[in-house]
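Atoms within each ligand, like the ligands themselves, are counted from 1 in listed order.
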Amino acid sequence: MRLFVDTADFDEIAAAVGWGVISGVTTNPTLIARAGQDHETQVKRICELVADVSAETVTEKKNDLIVEGRRIASWHENVIVKVACTPDGIAAGKVLAGEGVKINVTLCFTVNQALLAAAIGAYFISPFVGRLDDIGEDGIAVVRGIVDAYRQQGITTKVLAASLRHPMHVTQSALAGADIATMPFKVLEQMYKHPLTDSGIERFMSDYRKTQEPQALGQRSGR
Ligand code: E4P
């Protein structure tokens, strides 16, 4: 499973890229607003750091979405255009996909919505796990359902588990068969963490330091 970060914060993306573990970025209008930058400028900057950068459309009618999608796609070859799972979003996505634009169908909450995305040849489908959990539904079950349906149908659209809120969501997405998990920077950081890793390092370092003490060095050299 590939790992993406779900942020438009340039410093966070640069740090995650530096760790060598992420291969893409997802953004949305909320994240762009939080980054405090103009959409085009910020997406272009991010595309210089990493491939597969999802940038979201904000118009609602099919023809407006097509125009906007073409404009966003022209910003950089790494851009993937996000359209919402609505009749207009899907119809515009079909036209754009037909022109070779990579499409990420976002705000997906059911297997049926994922089948609509597949029907237009979407590159990614983004089921929102945390938002389903928020309303008492089972977000991971939806990811698993999409993965199963796609496998049975031989669909090649990639399943991008989104709206992940904690490290267990990442583990569960992998076990459900998601192709990609996108997560806030904080969750990526948490993936490294375990108290036994920290205490293990402390113990190893302390034992190593003992071997560097003059007495130990002296004993080893026979002095
Ligand atoms: C994914 O593309 C979305 O940007 C994101 O995962 C939404 O997450 P949220 O539900 O935590 O806002």
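Aromatic ring pairs are classed by plane angle as parallel below 30°, tilted from 30° to 60° and perpendicular above 60°; the pair Tyr192 and Trp19 is perpendicular.
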Next on the checklist: Is there a side chain to side chain contact (heavy atoms under 4.5 Å, CB included) between Lys186 and Glu12? Walk through the geometry before answering.
Outcome noted: CA-CA 9 Å; Lys186 186 188 74 177; Glu12 288 183 348; over 6 Å; no

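When only non-hydrogen protein atoms are considered, atom 11 (O) of ligand 1 lies nearest to Arg165 NE, 3.1 Å. Nearest protein neighbour of atom 5 (C) of ligand 1, counting heavy atoms only, is Asp6 OD2, 2.9 Å. Protein heavy atom nearest atom 4 (O) of ligand 1, with residue, atom name and distance: Asn28 ND2, 2.7 Å. Here the heavy atom of the protein found nearest to atom 2 (O) of ligand 1 is Lys82 NZ, 2.7 Å.
When Ala181, Ser163, Pro184 are ranked by how near their heavy atoms come to atom 6 (O) of ligand 1, first place goes to Ser163.
The backbone N or O of His169 lies less than 3.5 Å from a partner atom in the side chain of Ser173, making a donor-acceptor pair. Looking only at distances, no side-chain donor or acceptor of Thr157 sits under 3.5 Å from a matching main-chain atom of Ile125.
A salt bridge is absent between Asp148 and Arg144; no separation between the charged side-chain nitrogens and carboxylate oxygens falls under 4.0 Å. Salt bridge annotation for Asp207-Lys210: present, with a cationic side-chain nitrogen under 4.0 angstrom from a carboxylate oxygen.
Set against the non-hydrogen atoms of Ala162, the atoms of ligand 1 under 4.0 Å away are 1 (C), 6 (O). Residue-ligand proximity, Arg131 to ligand 1, at heavy-atom distances under 4.0 Å covers atoms 7 (C), 9 (P), 10 (O), 12 (O).
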